[in-house]
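Here is the naming used below: chain letters follow the sequence lines, and residue numbers restart at 1 for every chain.
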Amino acid sequence: MASVAQDQSRVYDTLAEAIEERKDLRNPLIEVLRIAQELFGYLPIEVQEFIAEKMNIPASKIYGVVTFYNFFTMKPRGKFTLNVCMGTACFVKGAPKLVQMISDYLGVGIGETTEDGLFTMSAVRCVGACSLAPVFVIGEDAFGRIDTKDKVKEILDRYE
Amino acid sequence: MSLKHIDLLICCGSGCISAGALKIKERFHEVLREHKATNEVNIIETGCMGPCDYGPVMVIYPEGIFYQHVTPEDVEEIVSEHFIKGRPVTRLMLQNEEKTFSIQKDVPFYQKQIKVALENCGYINPESLDEYIATGGYEALGKVLTEMSPQDVINEMKASGLRGRGGGGFPTYIKWQMVHDNKGAEKYIICNADEGDPGAFMDRSILEGDPHRILEGMMIGAYAMGANMGFFYIRAEYPLAIKRIKMAIAQAKEMGLMGENIFDSGFCFDAEVRTGAGAFVCGEETALIHSIEGERGNPTPKPPYPAVQGLWGMPTVVNNVETFGNIPTIFRKGAKWFASMGTEKSPGTKVFALTGDVRNTGLVEVPMGTTLRELIFDVGGGMIGDHKFKAVQLGGPSGGCLTVEHLDTGVDYESLKERGSMMGSGGVIVMNEEKCMVNVAKFFMDFCVEESCGKCSPCRIGLKQMLAILERITSGFGREGDIEELQRLGESISKLSLCGLGQTAPNPVLSTIRYFRDEYEAHIRDRSCATKVCKDLMHYQIDKDRCIGCSLCARNCPVKCITGSREEKYIIHQVDCIKCGNCYDVCPVKAIEKEPGMHPDTVAHRSELGKAVNRYEDL
Ligand SMILES: Cc1cc2nc3c(=O)[nH]c(=O)nc-3n(C[C@H](O)[C@H](O)[C@H](O)COP(=O)(O)O)c2cc1C
Ligand code: SF4
Ligand code: SF4
Ligand code: FES
């Protein structure tokens, strides 16, 4: 356990540094939250309280901001976040079916994480690759024209 | 642009990258090394060239040869045949029944296009300031700062007639004039790159493909209104756009194109990038401003307009990416030239993201006033397969559907609005006869309900109510009067909502009722979805004559509602069927059909159970 606690404290140190570096910017709260989410994977209350103290902002306000934006999450995520596009172009080209295929393969629904902690499945609105609809994204990689179960399987099996 | 003999432009827009463009680029490096020809060929990674559907694409200069659907296996042949022996590879060129199109500008997709905002997109290396300058970049800024007064700049903008490309179509010069006349201690200029319309990707492509152009446009605006600080508000989903803009800012600073006393004019300017965090309403300018201030992105009532009281209470102009993208060219070629394109009230060109069931999906730029027919059938190449055109949605979740009868409408702000649609940011989603318009309307309503910030009740509560009615219609519980109720709600929500989201959210429903009322009626009265999209209003049926009794469907049915035997053949027990479609997919002899309409057994079953299954009963 000691090493986990050490790791944690190191992450908190990194976050404190990031806050310090941005103290001259005007209202960098959203940038700071983004960095915190990158570091911790999600934004639990403890992290929000830490930021509140360091930035001298009421924790209630931070909670308000975190819950407003879709990008922020208070639940832990899997190693990879799989974002299925539910934008209009993808919807028209069969995104609901794609969601079903991925969900069948991973055994989880939107907003859920697989048991092995590998994938969190979520839905996003347009990733700007509409000409390849339907699209899903893992990290910065976009996969387009996914219309069969086999293609889904082939791609997802690459991640471990 | 280079001393090498050949310029190889590889499209590295989002579409081509997902189709494998980077692997192809690597392969070119390898093969050229093997042939010891690295010095002969200059490989340039460009932004989006437009025809995403043909991707990966590339153009080879000096001739301008256009290759499409290139794979890493084709690279060897391109190098040895085309580059070394000078014999272009015909099989990689675009071909139709009659003709091969070897040169990029002859490809039909490009024929009716005129590129202003997209001028350099797909033509230069977006990470190179030198290439931007070589195509005339920063000339406009130089001219503005050294030869024109801020008021001259605004007058020129007025003469160009440029209207905001972010959706509203508000004349750009008016906003600039307001901030110019406002003597604030500090003023701000903001580039709106939130691009919230799902199905539009032009702002992303311009930022990724030609970032300096946007920066230059912003600086010209800043000078005109007297702002010394700019912000780019870019959505977090666009990491490459964020990187490219940050790089452009750094390069411009290093060259002295930004910072203190630019071109010895006394004008100073700095810019910063802020990222969005996934909220559609943050594209609305007051919400965007609050988001930059680190707050929840709730809109606030206008007035006060941002031009009077914007970021941190100071006069602020918010302009869209594409709006800025037009500005350098306006000052290089003149307002007259710009105003000579397009229509009288909507001068210039507009970038559209063409998607859906159309053959050539991608990014196109055409003069305002181009008809939908030209856009969809000439530039877009018509419908995929043998499908028929049914509808086109413009303006995203705030826009409306148009139909066959509108194909000869020219696209400009007024014409679209008159017909119940909207220019919006330029997303054009083409739909064929397989699409259910009620379902599409429900999709947009679902989007707006989820994205409503909840600040005002017409939008927060009213849209939910509209969605519930649409859900009951599509699940077979629709009632007489539902259509009128949707119209009544829609009209009041439009009038009473605080911001543009709520004011325009009913549009997709109202426009589909206007043009496809019979579809709504069939859903309600006949419990039937002719396109077989709404699951409750269709059913699967096994054709006894074709069924060979193999039992595959029964074994694949998750709810075990298919029974039978080899002799008796198989049947579906309609009441239990969840319409998963597994049976339809697995049947080896295609004996299972999709039929429109709720099956009579299901109708009877539902009326027997009454309230127990109808969760819309009390609504
Ligand atoms: C709900 C909503 C979303 C919007 N989203 C965007 C957007 O993503 N990008 C954009 O440029 N403008 C968007 N707008 C319009 C902006 O409020 C604003 O009018 C625009 O950025 C002004 O720039 P322009 O005059 O250059 O068009 C949106 C408006 C509303 C009401
Ligand atoms: S109209 Fe909707 S999005 Fe706009 S302020 Fe009201 S609740 Fe918020
Ligand atoms: S899969 Fe097709 S052929 Fe086989 S039992 Fe089912 S309907 Fe008949
Ligand atoms: S709608 Fe899916 S990428 Fe744009």
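- The two residues A:Arg26 and B:Trp312 make their nearest non-hydrogen contact at CB-CZ2, 3.3 Å.
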- Between B:Glu450 and A:Asn70, does a side-chain contact (heavy atoms from CB on, under 4.5 Å) hold up when you go through it step by step? CA-CA 10 Å; B:Glu450 211 150 286; A:Asn70 298 332; over 6 Å; no
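- Using a 4.5 Å cut-off between heavy atoms, B:Ser205 makes no contact with chain A at all.
- Residue B:Leu311 does not touch chain A at all, counting heavy-atom pairs closer than 4.5 Å.
- For A:Arg125 and B:Asp197, the salt-bridge test fails: no basic side-chain N is under 4.0 Å from an acidic carboxylate O.
- Side-chain N or O atoms of A:Glu31 include one that pairs as donor or acceptor with a backbone N or O of B:Thr275 at under 3.5 Å.
- Looking only at heavy-atom pairs under 4.5 Å with chain B, the residue among A:Pro28, A:Ala142, A:Pro96, A:Gly144 that has the most is A:Ala142.
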- Task: Give the intermediate values and the outcome of side-chain contact (heavy atoms from CB on, under 4.5 Å) for residues B:Asp446 and A:Phe91.
- Result: CA-CA 12 Å; B:Asp446 186 56; A:Phe91 175 76; over 6 Å; no
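- The distance from the CG atom of B:Asn582 to the CG atom of A:Asp104 is 7.5 Å, given to the nearest 0.5 Å.
- Proximity to chain A (any heavy atom under 4.5 Å) is shown, for B:Arg274, by both the backbone and the side chain.
- Side-chain atoms of B:Asp53 and A:Arg145, non-hydrogen and from C-beta on, do get closer than 4.5 Å to each other.
- Distance alone, capped at 3.5 Å, places no donor-acceptor pair between the A:Asn27 side chain and the B:Gly294 backbone.
- Here the shortest heavy-atom pairing between A:Ala129 and B:Ser14 reads CA-OG, 4.4 Å.
- Contacts between B:Asp357 and chain A at a heavy-atom distance below 4.5 Å involve backbone atoms as well as side-chain atoms.
- For the set A:Val137, A:Val124, A:Leu132, the entry with the most heavy-atom pairs within less than 4.5 Å of chain B is A:Leu132.
- When the candidates B:Gly278, B:Gly581, B:Cys48 are compared by the number of heavy-atom contacts under 4.5 Å with chain A, B:Gly278 comes out ahead.
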- Task: Please step through side-chain contact (heavy atoms from CB on, under 4.5 Å) for the pair A:Cys130 and B:Thr361, ending with a clear verdict.
- Result: CA-CA 8 Å; A:Cys130 317; B:Thr361 53; over 6 Å; no
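- Distance check: A:Ile30 CD1 to B:Ser291 OG gives 3.5 Å after rounding to the nearest 0.5 Å.
- Proximity to chain A involves both the backbone and the side chain of B:Asn439, based on heavy atoms less than 4.5 angstrom apart.
- When heavy atoms are compared at a cutoff of 4.5 Å, B:Ala236 approaches chain A solely by way of its side chain, counted from C-beta outward.
- Side chain of A:Tyr69 to main chain of B:Gly297: a donor-acceptor pair is present (N/O by atom type, distance under 3.5 Å, no hydrogens or angles).
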- Task: Just do the side-chain hydrogen bond (donor to acceptor under 3.5 Å, both in side chains) check on B:Gln393 and A:Thr88 with the steps written out, would you?
- Result: CA-CA 9 Å; B:Gln393 168 84 16; A:Thr88 323; over 6 Å; no
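- Ranked by heavy-atom pairs under 4.5 Å with chain A, the list B:Phe447, B:Phe444, B:Phe280 is led by B:Phe447.
- Taking every heavy atom of both residues into account, A:Phe72 and B:Ala277 meet most closely at CE1-CB, 3.9 Å.
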- Message: Walk me through whether B:Tyr54 and A:Ser131 qualify under side-chain contact (heavy atoms from CB on, under 4.5 Å).
- Response: CA-CA 10 Å; B:Tyr54 299 146; A:Ser131 54; over 6 Å; no
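- Interface with chain B: from residues 51-64 of chain A, residues A:Lys61, A:Gly64 qualify, criterion being any non-hydrogen pair under 4.5 Å.
- Side chain of B:Arg204 to backbone of A:Val127: a donor-acceptor contact under 3.5 angstrom is found.
- Nearest heavy atom pair, residue A:Phe68 against residue B:Ala279, reads CE2-CB, 3.9 Å.
- A:Cys126 and B:Gly199 make their closest contact through SG-N, 3.4 Å (heavy atoms, listed as atom of the first residue, atom of the second, distance).
- With a 4.5 Å cut-off on non-hydrogen atoms, B:Glu295 touches chain A through its backbone and its side chain both.
- At a 4.5 Å heavy-atom cutoff, the contact between B:Val430 and chain A is made by backbone atoms alone.
- Contact annotation for B:Ile292: only backbone heavy atoms (N, CA, C, O) come within less than 4.5 Å of a heavy atom of chain A.
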